[in-house]
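Below is one structure, written out as structure tokens; comments come after it.
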Amino acid sequence: MIYTAVAMTPLALIGLYDLFQRKHTLWRNYPLISRVRWIAEELHPFLRAYIVESETEGRPFNLEDRALVYRRAKNVSSVEPFGSHLDIDKPPYEWLAHSIAARHPEEADPRVRVGAPGTAQPYSASVLNISAMSFGALGAHAIEALSKGASMGGFYHDTGEGGVSRYHRQGGGDLVWELGSGYFGCRAADGSFDAAKFADTASDPQIKMIEVKLSQGAKPGHGGVLPGEKVTPEIAEARGIEVGLTCISPPAHSSFSTPIEMLEFVARLRDLSGGKPVGIKFAVGNRWETLAICKAMLETGLRVDFMVVDGGEGGTGAAPAEFLDHVGAPLRQGLVLTRNALVGTGLKDDVRLACSGKQISAFSIAASMALGADWVNTARGFMFSLGCIQSLNCHNNTCPTGIATTDKTRQRGLVVEEKAIRVRNFQRNTVQALMEVVGATGCVHPSELTPRHVMHRVTEDIAYTAERAYQLVQPGQLLSAPDETQLAREWRMAQAHSFQPAD
Ligand SMILES: Cc1cc2nc3c(=O)[nH]c(=O)nc-3n(C[C@H](O)[C@H](O)[C@H](O)COP(=O)(O)O)c2cc1C
Ligand code: SF4
């Protein structure tokens, strides 16, 4: 009797609370009982992920993709039994064309030299690096483990637009310092770019390259607001702002507004940093704008050292649903457009091309490299290597694995030394798998892959090489015969002096 009373009293109190609270109609109309629906909704992502989904379902990443990263991070064999789970008869299935004269590449760690001709401090980049994620979006332990893993494995760690934090420095990995429109780390009191602050930080030898972020695939053209209550002393230190002060990142940069001005800003950053490579990161939007940047390079002789194309399928800590789903080109279309722009204008030898957007398997990396990428970056791939379970709570500060949270008690579970090893393992084992598929195509370096190595199913009966499927532009064709390309109209619209279309 007493036990029943002990069990029933809290339930009765909750029922009474439901009856008189004013926020939830269902709770008022069906006290207590309607909470079953609420609990089911809260647990839905977990129930779906662990009970309902098959290996090839689940989004943004399916179970098979995640399991691949987990195994590589734990140094466990990634071989699988019996056969492919994929629907290989349906578009847009793709495969790599292998060679009868397959080879065994000796190189375990292929590198890419970054720095347009004349760059004083060129950088030798790995083909797989950690994509931009700010301190603040990720907690201190996650940042330090990523940086430490990068240091152990000899690849780079992009700071994200939130500046260089003490945890990036503690980890010791090579850094690419990202500058967003908020200029965190080199921000004047009015939010504009401060050259002296930039030069001071950029001279740090740990910083190998600078990346000007024009946009991000998950939310291109959307600025950000960092509410004052999130500006802790550590975040304020990394971003060079006042503790507790609300900070705005506008949708566009205040330092330039035309393609030529952007190149002049890049050249200025290169000078101020003592000759480090400076690149741009963007998701492709208006196609003529990418071509306009190329026209500006041709007209001025100025160069960006590298371009990172981010896909619309890319991740973020938080973004409006419409931007996540429907703004910005998916990676494949963005990569092909940018490759066509650089190849068609003869700039591809001077400007390195990188990309990001679900680049976590050796196949996706090889296919991107065949289509023109010199290297790839991944953000969520490295989050999985840290133990992310895709619970989709990154925006709530309640990350169960201590990665996307500033809550110190949640971060406690993430042991930096252990996870740094997993970060290193994931990168090393993925690059090793890449070299195996590169060898199968008859090449010894990923840079030898061409669009002819990628077969793309366009219908159930027909498959073309990527070259034909995407109608790729030939070297110099935009200069010699633009009207013979599928970019003829956009090429006419592109202007070096404005991002606006010419007609
Ligand atoms: C938690 C999180 C934070 C991110 N923060 C930034 C950022 O500060 N700057 C940026 O350019 N991209 C940012 N991104 C985007 C990634 O760098 C990357 O471009 C995108 O997620 C695609 O890569 P992925 O599919 O491998 O995750 C962030 C992504 C995530 C998941
Ligand atoms: S486990 Fe953490 S980092 Fe991963 S999706 Fe969930 S909240 Fe985001």
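Everything numeric in this text was worked out from a predicted model, so none of it was measured. Note that ligands are numbered from 1 as they come in the structure, with each ligand's atoms numbered from 1 the same way.
Of the residues R113, K348, M369, M307, the one that meets the side-chain contact (heavy atoms from CB on, under 4.5 Å) test with D374 is K348. Just one of N396, N397, N393 meets the side chain to side chain donor-acceptor pair (under 3.5 Å) condition when paired with T405; it is N397.
Comparing G180, C399, G357 by heavy-atom distance to atom 23 (O) of ligand 1, the nearest is G357. Taking each of K213, E161, K358 in turn, the one with a heavy atom nearest to atom 25 (O) of ligand 1 proves to be K358. Of all the listed residues (S364, G315, S134), G315 holds the heavy atom that lies closest to atom 29 (C) of ligand 1.
Nearest protein heavy-atom contact of atom 31 (C) of ligand 1 is T316 N, 3.5 Å. For atom 11 (O) of ligand 1, the closest heavy atom belonging to the protein is E178 OE2, 2.8 Å. With hydrogens left out, the protein atom closest to atom 27 (O) of ligand 1 is R380 NE, 2.8 Å, a heavy atom. The nearest heavy-atom contact from the protein to atom 5 (S) of ligand 2 is L392 N, 3.3 Å. Atom 22 (C) of ligand 1 has as its closest protein heavy atom D310 OD1, 3.4 Å. Protein heavy atom in closest approach to atom 8 (Fe) of ligand 2: C394 SG, 2.3 Å. Considering only non-hydrogen protein atoms, atom 12 (N) of ligand 1 sits nearest to K281 NZ, 3.1 Å. For atom 3 (C) of ligand 1, the closest non-hydrogen atom on the protein side is M133 CG, 3.6 Å. What sits closest to atom 6 (Fe) of ligand 2 on the protein, heavy atoms only, is S391 OG, 2.3 Å. Of all protein heavy atoms, the one lying nearest to atom 4 (C) of ligand 1 is A132 O, 3.5 Å.
In this structure, F382 has its ring center closer than 6.0 angstrom to the ring center of F155.
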Could you check D310 against S356 for side chain to side chain donor-acceptor pair (under 3.5 Å), going step by step and ending with a plain yes or no?
CA-CA 5 Å; D310 197 24; S356 49; 2.7 Å; yes
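D109 contributes atom CG, which lies 9.0 Å from atom CE of M435 (distance to the nearest 0.5 angstrom). In this structure, CG on D200 lies 11.5 Å from CG on L272, to the nearest 0.5 angstrom.
A donor-acceptor pair shorter than 3.5 Å cannot be found between the side chains of N425 and S385. With hydrogens and angles left out, the side-chain atoms of Y470 and R332 include a donor and acceptor closer than 3.5 Å. Under the 3.5 Å distance criterion, with hydrogens and angles disregarded, no donor-acceptor pair is assigned to the side chains of H253 and S255. A donor-acceptor contact under 3.5 angstrom links the side chains of S368 and Q359, judged on distance only.
At a 4.0 Å heavy-atom cut-off, ligand 1 touches T378 through backbone and side chain alike. When heavy-atom distances to ligand 2 are checked against a 4.0 Å cut-off, N393 comes that close through both its backbone and its side chain. With a 4.0 Å heavy-atom cut-off, ligand 1 is reached by no atom of E313.
Residue contact check for ligand 1: S356 places a non-hydrogen atom closer than 4.0 Å to it.
Annotation: cation-pi geometry satisfied between K358 and F61 (NZ/CZ under 6.0 angstrom from ring centroid, within 45° of ring axis).
Remark: the backbone N or O of A188 is not paired with any side-chain donor or acceptor of S192 at under 3.5 angstrom.
The atoms of ligand 1 that sit less than 4.0 Å from any heavy atom of G317 are 1 (C), 2 (C), 3 (C). If you number the atoms of ligand 2 from 1 as listed, the ones under 4.0 Å from a heavy atom of C399 come out as 1 (S), 2 (Fe), 3 (S), 7 (S). Interface of M383 with ligand 2, defined as ligand atoms under 4.0 Å from a residue heavy atom, comprises 3 (S). Atoms of ligand 2 lying under 4.0 Å from any heavy atom of A404, numbered from 1 in the order shown and given with element: 3 (S). The distance from ligand 1 to the heavy atoms of S131 drops below 4.0 Å at these ligand atoms: 16 (C), 17 (O), 18 (C), 19 (O).
Residues K230 and T406 have side chains not in contact (no heavy-atom distance under 4.5 Å, counting atoms from C-beta outward).
Between F135 and Y167, the ring planes lie tilted relative to each other; the angle falls in the 30° to 60° range.
Within the 2.8 Å limit, T401 places no N, O or S atom next to atom 6 (Fe) of ligand 2. Contact annotation: C388 places no N, O or S atom under 2.8 Å from atom 8 (Fe) of ligand 2.
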